[in-house]
Undergrad: 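The structure follows.
Numbering of residues begins at 1 and proceeds along the displayed sequence.
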Amino acid sequence: AARSLLSATGELSLEGRERVSEANLVSQATINQGEEQFLTNFTKELLNRVFFGSDKIFSNTFYSLENSLAGKHLLIFVTDPQLSAYLQSDVSGKIPRPNSIEGDLLAVFEANTGGNKANHFIDKSLSLEITKVPEGLNHRLQINLTNRSANDVWPGGTLKDRVRILVPYGSKLLSLKYGETDLTPRVTTVVDYGRTVYEFLIELRPKEAKSLNLNYQTIAFKKLYIIKQPGTNEDLFQITLPGKEKRVEKFKNDLEVEL
């Protein structure tokens, strides 16, 4: 969202920093790990540019906010429960409740626990293949990760990732591999938001590339809702469904597929 706003306002001049642009935002924010002061100065200057700049900047800002909402880089939260109920999940970040055999979801949530900004140096792509089996549906999810960090120097370094994958309640875990390592025995299975959740930890060193492969079974249902984690990039997502051609698209927002 901040990068998008910078595209609307143009570069900003902050005391003690280079001119801040879309290209160098992360590097400028993490100099000497002084993020808190940077964010204070950045927000102040950004708002000054939006409200006291030209009419073009003001209109570009609204366009930027619209795009940020559409890509889940910006979410809306309200305290009124009745008003909140009307907000769609793609603008509020809410996890939809289960809907029996009509449809269910897949959601992957990651959190960098390493105390660095290695997640900003990660390239990711995903693929999902669903096939029909006598027990229902077999799902094969693959997540390809590449760490572009040159070394373990801040703000890059080793990615220490806590992963939570939400799947339909009662799903049967068949296997989980990370690279050549079998993580199946290390998976913690819990229930959250009315779904089965697989939780585990992974690491990815600088200049390293690995794939995460999850295989699980569910009952048959008609629709699959694939939830995008707010604030993540528009990663490529390849989807292969029973009896249908393979499709590849950018993961811009939540996806809905007919099974």
Undergrad: Are more than 12 heavy atoms, taken from residues, nucleotides or ligands other than Lys210, located less than 6.0 Å from that residue's NZ atom?
TA: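 Count over threshold, so yes.
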Undergrad: Rounded to the nearest 0.5 Å, what's the gap from CG on Leu174 to CG on Asn213? Could you check?
TA: 13.0 Å
Undergrad: Can you tell me if Asn144 and Ser211 form a side-chain donor-acceptor pair at under 3.5 Å?
TA: yes
Undergrad: Answer yes or no: is there a side-chain heavy-atom contact under 4.5 Å between Lys124 and Asn233?
TA: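 Heavy-atom side-chain distance check fails, nothing below 4.5 Å.
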Undergrad: Honestly curious: do Leu236 and Leu214 fall in one hydrophobic cluster under the side-chain, below-4.5 Å linking rule?
TA: no
Undergrad: Could you state the interatomic distance from OG1 (Thr9) to CG (Asn48), rounded to the nearest 0.5 Å?
TA: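 If we round to the nearest 0.5 Å, Thr9:OG1 and Asn48:CG are 11.0 Å apart.
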Undergrad: Without swapping roles, check the side chain of Thr184 against the backbone of Leu176 for a donor-acceptor pair under 3.5 Å.
TA: yes
Undergrad: Dump the intermediate steps for side chain to side chain contact (heavy atoms under 4.5 Å, CB included) on Val257 and Ile130, then the final yes or no.
TA: CA-CA 11 Å; Val257 295; Ile130 300 177; 5.7 Å; no
Undergrad: Please confirm whether the backbone N or O of Glu110 pairs with a side-chain atom of Gln229, one donor and one acceptor, at under 3.5 Å?
TA: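 Yes: the side chain of Gln229 pairs with the backbone of Glu110.
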Undergrad: Quick one: are Glu258 and Lys244 in side-chain contact, heavy atoms under 4.5 Å?
TA: yes
Undergrad: Looking at Ser13 and Arg19, would you say the former's side chain and the latter's main chain have a donor-acceptor pair under 3.5 Å?
TA: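 It does not hold such a pair.
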Undergrad: In this structure, which one of Lys222, Arg195, Lys223 forms a side-chain hydrogen bond (donor to acceptor under 3.5 Å, both in side chains) with Asp104?
TA: Arg195
Undergrad: Hey, does Leu65 have a side-chain heavy atom less than 4.5 Å from the side chain of Leu74?
TA: yes
Undergrad: Counting N and O atoms only, with roles assigned by atom type, does the side chain of Thr43 sit under 3.5 Å from a partner on the main chain of Thr40, one being a donor and the other an acceptor?
TA: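 Judged by distance alone, no pair lies under 3.5 Å.
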Undergrad: Are Ile143 and Val163 packed together at the side-chain level, in the sense that at least one heavy-atom pair is separated by less than 4.5 angstrom?
TA: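 Answer no - side chains too far apart.
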Undergrad: Checking Ser64 side chain against Asn60 main chain: does a donor-acceptor pair fall under 3.5 Å?
TA: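 No, because the side chain of Ser64 does not come within donor-acceptor range (under 3.5 Å) of the backbone of Asn60.
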Undergrad: Okay, side chain of Asn253, backbone of Ala70: is any donor-acceptor separation there less than 3.5 Å?
TA: yes
Undergrad: Between His139 and Val167, is any pair of side-chain heavy atoms under 4.5 Å apart?
TA: no
Undergrad: Hey, any chance Tyr169 and Ile95 share a hydrophobic cluster, counting ILVMFWY side chains that come within less than 4.5 Å of each other, even indirectly?
TA: no
Undergrad: Where do Ile226 and Leu126 land on the side chain to side chain contact (heavy atoms under 4.5 Å, CB included) test, with the steps shown first?
TA: CA-CA 12 Å; Ile226 306 175; Leu126 307 93; over 6 Å; no
Undergrad: Side chain to side chain contact (heavy atoms under 4.5 Å, CB included), that's the test. Do Glu249 and Leu255 meet it? Break it down for me.
TA: CA-CA 10 Å; Glu249 56 187 278; Leu255 301 175; 3.2 Å; yes
Undergrad: Do you know the tightest heavy-atom contact between Ser171 and Tyr198?
TA: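 Minimum heavy-atom separation between Ser171 and Tyr198: O-OH, 3.4 Å.
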Undergrad: Working to the nearest 0.5 Å, report the span between NZ of Lys72 and CD1 of Ile227.
TA: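 Going from NZ on Lys72 over to CD1 on Ile227, the span is 5.5 Å.
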Undergrad: Does a side-chain heavy-atom distance below 4.5 Å link Tyr225 with Asp254?
TA: no
Undergrad: Indicate if Phe121 and Leu204 have the same hydrophobic cluster label, given that clusters are the connected sets of ILVMFWY residues with side-chain heavy-atom separations under 4.5 angstrom.
TA: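 Each belongs to a different hydrophobic cluster.
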Undergrad: For Phe109, look at atom CZ and say whether over 12 heavy atoms of other residues, nucleotides or ligands are found less than 6.0 Å away.
TA: yes
Undergrad: Looking at every non-hydrogen atom in both residues, tell me the closest pair between Tyr216 and Leu173 and how far apart they are.
TA: CB-CA, 4.2 Å
Undergrad: Taking all atoms of both residues into account, what is the closest heavy-atom pair of Thr146 and Ala209, and its distance?
TA: OG1-CB, 3.7 Å
Undergrad: What heavy-atom pair brings Val190 and Arg164 nearest, and what distance separates the two atoms?
TA: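 The pair with the smallest heavy-atom distance is CG2-NH2, 4.4 Å.
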Undergrad: Find out whether Leu166 and Asp192 are in side-chain contact, i.e. whether some heavy atom of one side chain is under 4.5 Å from a heavy atom of the other.
TA: no
Undergrad: Kindly give the heavy-atom pair with the smallest separation between Ile219 and Leu137, and that separation in Å.
TA: O-CD1, 3.9 Å
Undergrad: Let me see the working for Arg49 and Leu12 under side chain to side chain contact (heavy atoms under 4.5 Å, CB included), right down to the final yes or no.
TA: CA-CA 8 Å; Arg49 184 70 66 87; Leu12 300 180; 3.6 Å; yes
Undergrad: May I ask you to check whether over 12 heavy atoms, not counting those of Arg205, lie within 6.0 Å of atom CZ?
TA: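 Counting other residues, nucleotides and ligands, CZ of Arg205 stays at 12 neighbours or fewer.
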Undergrad: Is there a path of hydrophobic side-chain contacts, each under 4.5 Å between heavy atoms of I, L, V, M, F, W or Y residues, that connects Phe77 with Leu75?
TA: no
Undergrad: Has the side chain of Lys228 got a donor or acceptor atom that lies under 3.5 Å from a matching backbone atom of Thr232?
TA: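 Between the backbone of Thr232 and the side chain of Lys228 there is a qualifying donor-acceptor contact (under 3.5 Å).
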Undergrad: Are the side chain of Asn41 and the backbone N or O of Glu45 linked by a donor-acceptor pair below 3.5 Å?
TA: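 A pair under 3.5 Å: no.
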Undergrad: State whether a side-chain donor-acceptor pair under 3.5 Å links Asp152 with Thr158.
TA: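 Note: Asp152 and Thr158 side chains meet the donor-acceptor criterion.
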Undergrad: I want to check something: taking the side chain as every heavy atom from C-beta on, are Arg186 and Phe200 in contact at a cut-off of under 4.5 Å?
TA: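 The answer is no, as the side chains (C-beta and beyond) never meet within the 4.5 Å cut-off.
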Undergrad: Between CZ of Phe221 and CG of Leu105, what distance do you get to the nearest 0.5 Å?
TA: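 If we round to the nearest 0.5 Å, Phe221:CZ and Leu105:CG are 8.5 Å apart.
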Undergrad: Kindly work out whether a path of hydrophobic side-chain contacts (I/L/V/M/F/W/Y, heavy atoms less than 4.5 Å apart) joins Leu46 to Leu69.
TA: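 As far as the 4.5 Å side-chain criterion goes, Leu69 and Leu46 are connected within one cluster.
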Undergrad: Can you see which heavy atom on Gly157 is nearest to which on Ser149, and at what distance?
TA: N-OG, 3.1 Å
